[in-house]
Colleague: 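Once you've had a glance at the structure underneath, I'll fire off some questions.
All figures in this text were calculated on a predicted structure; none of them were measured in a lab.
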Amino acid sequence: MPAFVKHHCNDKKRNYLALGSGFFEGSLSEGVPKVISAIHQRLSNESLLTKSAEKDIIVNQHSCQSIANSLNSLEENNWQVLKAYDPLYQGGQMQRSLHAKFIFSAKSSETDDECKRAWVYLGSGNLTGPGFTQKASRFGGNLEAGVVFKPEGVTWFGEDNPESAISLKLPVCFDESYSLTEASQLSAGSEMPEHDAEHLSLPISYFVIEELEHDKHVLIPNVPFTDVYAVANTCSNKLTVESETRLLWYGKPPRQLSISWVNNGTVHTEDIPVIDQYGRIAATELPELALDDAWYMFSSFPLLPSSETEGEDGDEASEDGLRMGPETDIEVDKSYSINSMMALVELIAEKQTEVPEKDWLQWCTRLEQTLSQLKNNVAFSFFKEIGINPISPLWQPPFRPDYAETNAIESGSYYEEVLKRLEQKLGLAALAKLGDQ
């Protein structure tokens with residue numbers, strides 16, 4: 001956390017720290033709760049707190065676990081315990097308990113109401129060992145998420161603008177603290193109930209599939225499956241396990257694979273999604289396209305055509321003249337094939353020379369996916385008959401953006417790899433390039 005504070009805010013010291021949580025460590029007989037002490041010590045060691053910093057703990061007064069029994073130790077170590085402030089009801093009949101988990105730190109001065117150098121941590125973990133200081137593992141522990149950011153325009157009391165007061169940003173109010181004489185108002189409440197694990201971390205998160213040749217693919221797990229008991233599927237004759245990092249698949253690519261593994265003596269089985277070369281997760285097979293469809297796919301980039309919808313079974317459907325399939329007219333005119341294909345290549349060149357660099361990888365994916373869906377189009381068949389590669393102009397610098405003109409540039413190298421794969425898939429690699437003598 002200190003590294004994020006320094007990166008997003010700055011590395012200067014603050015003289016105020018507030019820790020809030022809906023649940024703290026279990027009851028202690030004495031001493032400052034370990035997590036609270038560890039957070040303060042770490043921030044001090046990282047030079048993010050002054051030695052005399054004011055320190056507050058915000059609690060649910062009727063359920064604050066170790067805080068209720070360690071008030072003496074907390075006071076001895078200059079901690080102040082505050083009741084969580086509810087700006088909506090402010091102590092009325094309707095009361096809500098604190099659920100948020102947060103850390104707030106800032107610099108205060110006697111002459112200014114501004115919370116200077118302020119930073120906030122907001123996260124899902126309670127200020128307990130499992131919730132905040134213990135790393136999650138595959139065999140147990142919590143999975144928590146948190147963010148660190150720099151709030152703007154926050155003040156201590158809102159002297160000039162009440163809406164900017166910290167009490168309207170976080171459940172913090174400095175008027176309701178508990179001293180030793182008021183310790184009876186605090187109660188430990190119940191311990192955090194133990195829950196059985198609802199989810200187990202899977203030994204494999206996903207497979208990436210790559211096409212080797214016609215009807216032959218390789219499946220690569222995101223991690224070696226050394227702990228996997230079995231890789232199961234309904235068509236075992238299609239799968240060959242070559243190694244713990246490589247599986248061969250024959251036939252139509254699968255959308256997911258079932259794996260089984262042993263955890264604490266129990267066999268578990270789950271379906272693991274397969275990610276295709278276009279980044280689609282557990283995706284259906286791509287339909288073949290007509291040239292007009294490809295035109296819409298490129299013209300609408302970075303969006304998809306507005307007329308494209310999804311059918312009831314998750315397959316792509318089409319409306320408004322989008323023909324999701326190969327050309328239906330077998331007797332397509334030769335001049336039509338030439339004109340349509342060259343117009344498409346010209347459109348691709350026009351679009352991709354204007355693609356922002358941040359969208360370049362997405363464009364390359366659109367290019368490879370869409371042209372692959374034209375594999376059986378009659379226009380490509382015609383060019384194969386006459387021995388010419390119609391997409392060869394896309395290699396030339398004028399058909400490429402400045403940041404991808406050559407393979408000496410990373411963007412250009414990636415683009416050329418896409419073109420190489422496309423020419424192999426479409427059966428164009430050995431054909432003559434347009435303009436060759």
Colleague: In the structure I gave you, are the side-chain heavy atoms of Q80 and D56 within less than 4.5 Å of one another anywhere?
Modeller: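 Yes. Closest side-chain heavy atoms under 4.5 Å.
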Colleague: To the nearest 0.5 Å, how far apart are CG in N78 and NZ in K51?
Modeller: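 Here the interatomic distance stands at 14.0 Å.
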Colleague: Work out which heavy atom in F207 is nearest to a heavy atom in I204; give both atom names and the distance.
Modeller: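 Here F207 and I204 meet closest at CZ-CD1, 4.1 Å.
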Colleague: Using the test side-chain contact (heavy atoms from CB on, under 4.5 Å), find all partners of V208 that sit at least two apart in sequence or belong to another chain.
Modeller: Y206
Colleague: Can you find a pair of side-chain heavy atoms, one from I348 and one from L371, that are under 4.5 Å apart?
Modeller: yes
Colleague: Indicate yes or no for a side-chain donor-acceptor contact from T370 to the backbone of A294 under 3.5 Å, with no hydrogens or angles considered.
Modeller: no
Colleague: For A290 versus N377, what's the shortest heavy-atom pair and its separation?
Modeller: CA-ND2, 3.9 Å
Colleague: Taking F24's backbone N and O only, do any of them form a donor-acceptor pair with Q65's side chain (distance below 3.5 Å, no angle check)?
Modeller: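 Indeed, once roles are kept as given, a pair shorter than 3.5 Å links the two residues.
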Colleague: Counting N and O atoms only, with roles assigned by atom type, does the side chain of D271 sit under 3.5 Å from a partner on the main chain of Q256, one being a donor and the other an acceptor?
Modeller: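 A pair under 3.5 Å: no.
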Colleague: Keeping S63 on the side-chain end and N60 on the backbone end, is there a donor-acceptor pair under 3.5 Å?
Modeller: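 Such a contact is absent between S63 side chain and N60 backbone.
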Colleague: Go through R14 and W119 one step at a time and tell me if the side-chain contact (heavy atoms from CB on, under 4.5 Å) criterion holds.
Modeller: CA-CA 10 Å; R14 285 81 170 169; W119 63 266; 3.5 Å; yes
Colleague: Return the CG to CD distance between L49 and Q41, rounded to the nearest 0.5 Å.
Modeller: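 Answer rounded to 0.5 Å: 10.5 Å.
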Colleague: Strictly under 6.0 Å, is that where the ring centroids of Y415 and W363 end up?
Modeller: no
Colleague: Report the residues that fulfil side-chain contact (heavy atoms from CB on, under 4.5 Å) with L248, sequence neighbours left out, ordered by chain and then residue number.
Modeller: L212, K216, V218, T240, E242, R246, Y250
Colleague: Closer than 3.5 angstrom, by distance alone: can the side chain of S105 be matched with the main-chain N or O of Y16 as a donor-acceptor pair?
Modeller: yes
Colleague: Do other residues, nucleotides or ligands put more than 12 heavy atoms under 6.0 Å from H99 NE2?
Modeller: no
Colleague: How many angstroms lie between CG in L344 and CZ in F298, if you round to the nearest 0.5 Å?
Modeller: 6.0 Å
Colleague: For N10 and K12, indicate whether the former's side chain and the latter's backbone hold a donor-acceptor pair under 3.5 Å.
Modeller: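 Here the side-chain-to-backbone pair exists.
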Colleague: Mind checking whether L367 and L422 have side chains closer than 4.5 Å, heavy atoms only?
Modeller: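 Of all side-chain heavy-atom pairs linking L422 with L367, at least one is under 4.5 Å.
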Colleague: Can you tell me if CZ on F4 sees more than 12 non-hydrogen neighbours from other groups inside 6.0 Å?
Modeller: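 No.
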Colleague: Counting N and O atoms only, with roles assigned by atom type, does the side chain of R42 sit under 3.5 Å from a partner on the main chain of P2, one being a donor and the other an acceptor?
Modeller: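 Absent.
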Colleague: Rounded to the nearest 0.5 Å, what's the gap from CG on L426 to CG on N376? Could you check?
Modeller: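 These two atoms lie 9.5 Å from each other.
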Colleague: Between the side chains of K34 and E25, is the shortest nitrogen-to-carboxylate-oxygen separation below 4.0 Å, so that they form an ion pair?
Modeller: no
Colleague: Less than 4.5 Å apart, side chain to side chain, heavy atoms only: is that true for E270 and W261?
Modeller: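 Answer yes - side chains close enough.
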Colleague: Does the distance from a Lys or Arg side-chain N to an Asp or Glu carboxylate O, for K425 and E368, drop under 4.0 Å?
Modeller: yes
Colleague: Where do Y414 and C364 come nearest, in terms of heavy atoms and distance?
Modeller: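 The answer is CE2-CB, 3.6 Å.
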Colleague: Answer yes or no: is there an ion pair linking E416 with R400, defined by an N-O contact shorter than 4.0 Å?
Modeller: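 Yes.
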Colleague: Are any of the side-chain heavy atoms of L247 and V241 separated by less than 4.5 Å?
Modeller: yes
Colleague: Mind listing the closest non-hydrogen atom pair of T245 and P221 along with its distance?
Modeller: O-CD, 3.5 Å
Colleague: Quick check: closest heavy atoms across P203 and V223, and the distance to 0.1 Å?
Modeller: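 That closest heavy-atom pairing would be O-CG2, 3.0 Å.
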Colleague: Apply side-chain contact (heavy atoms from CB on, under 4.5 Å) to R280 and L286, showing your working.
Modeller: CA-CA 10 Å; R280 302 185 310 148; L286 286 169; 3.3 Å; yes
Colleague: Taking atom CD as the centre, does E346 end up with more than 12 heavy-atom neighbours from other residues, nucleotides or ligands that are less than 6.0 angstrom away?
Modeller: no
Colleague: Are L98 and S21 side-chain neighbours, meaning at least one heavy-atom pair lies under 4.5 Å?
Modeller: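 No, side chains not in contact.
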Colleague: Tell me, do P254 and I209 make a side-chain contact under 4.5 Å, heavy atoms counted?
Modeller: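 Yes, at least one pair of side-chain atoms sits under 4.5 Å.
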Colleague: Keeping D11 on the side-chain end and S47 on the backbone end, is there a donor-acceptor pair under 3.5 Å?
Modeller: no
Colleague: Residues in salt bridge (charged side-chain N to carboxylate O under 4.0 Å, His left out) with K116, at least two apart?
Modeller: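 Result, salt bridge (charged side-chain N to carboxylate O under 4.0 Å, His left out) vs K116: D112.
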Colleague: For M1 and I103, run side-chain contact (heavy atoms from CB on, under 4.5 Å): C-alpha distance rounded to whole Å, both residues' side-chain angles, the deciding distance at 0.1 Å, then the answer.
Modeller: CA-CA 10 Å; M1 185 177 67; I103 300 175; 3.8 Å; yes
Colleague: For L289 and Y296, run side-chain contact (heavy atoms from CB on, under 4.5 Å): C-alpha distance rounded to whole Å, both residues' side-chain angles, the deciding distance at 0.1 Å, then the answer.
Modeller: CA-CA 11 Å; L289 295 181; Y296 288 120; over 6 Å; no
Colleague: Determine which pairs satisfy salt bridge (Lys or Arg N to Asp or Glu O under 4.0 Å) with at least one residue from residues 371-384, sequence neighbours left out, and list them in order.
Modeller: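 Listed by first then second residue: nothing to list.
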Colleague: Once you round to the nearest 0.5 Å, how far does CZ of F301 lie from CD of Q352?
Modeller: 10.5 Å
Colleague: Checking the side chain of S124 only, and the main-chain atoms of E144 only, is there a donor and an acceptor separated by less than 3.5 Å?
Modeller: no
Colleague: Is it true that atom CD of E410 has more than 12 heavy atoms of other residues, nucleotides or ligands lying nearer than 6.0 Å?
Modeller: no
Colleague: Taking all atoms of both residues into account, what is the closest heavy-atom pair of A118 and K150, and its distance?
Modeller: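 Nearest heavy atoms, A118 then K150: O-CG, 3.7 Å.
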Colleague: Going by the rule side-chain contact (heavy atoms from CB on, under 4.5 Å), which residues pair with N77 if we only count those two or more places apart in sequence or in a different chain?
Modeller: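 For N77, the residues satisfying side-chain contact (heavy atoms from CB on, under 4.5 Å) (neighbours in sequence not counted) are V32, W79.
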Colleague: Between atom CG of L419 and atom CG of L394, what is the distance when rounded to the nearest 0.5 Å?
Modeller: 6.0 Å
Colleague: Using the test side-chain contact (heavy atoms from CB on, under 4.5 Å), find all partners of Q396 that sit at least two apart in sequence or belong to another chain.
Modeller: P398, F399
Colleague: For residues N15 and S108, determine if any side-chain heavy atom of one lies less than 4.5 Å from a side-chain heavy atom of the other.
Modeller: yes
Colleague: Has S70 got a side-chain atom pairing as donor or acceptor with S73's backbone, closer than 3.5 angstrom?
Modeller: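 Checking the backbone N and O of S73 against the side chain of S70, no donor-acceptor pair under 3.5 Å is found.
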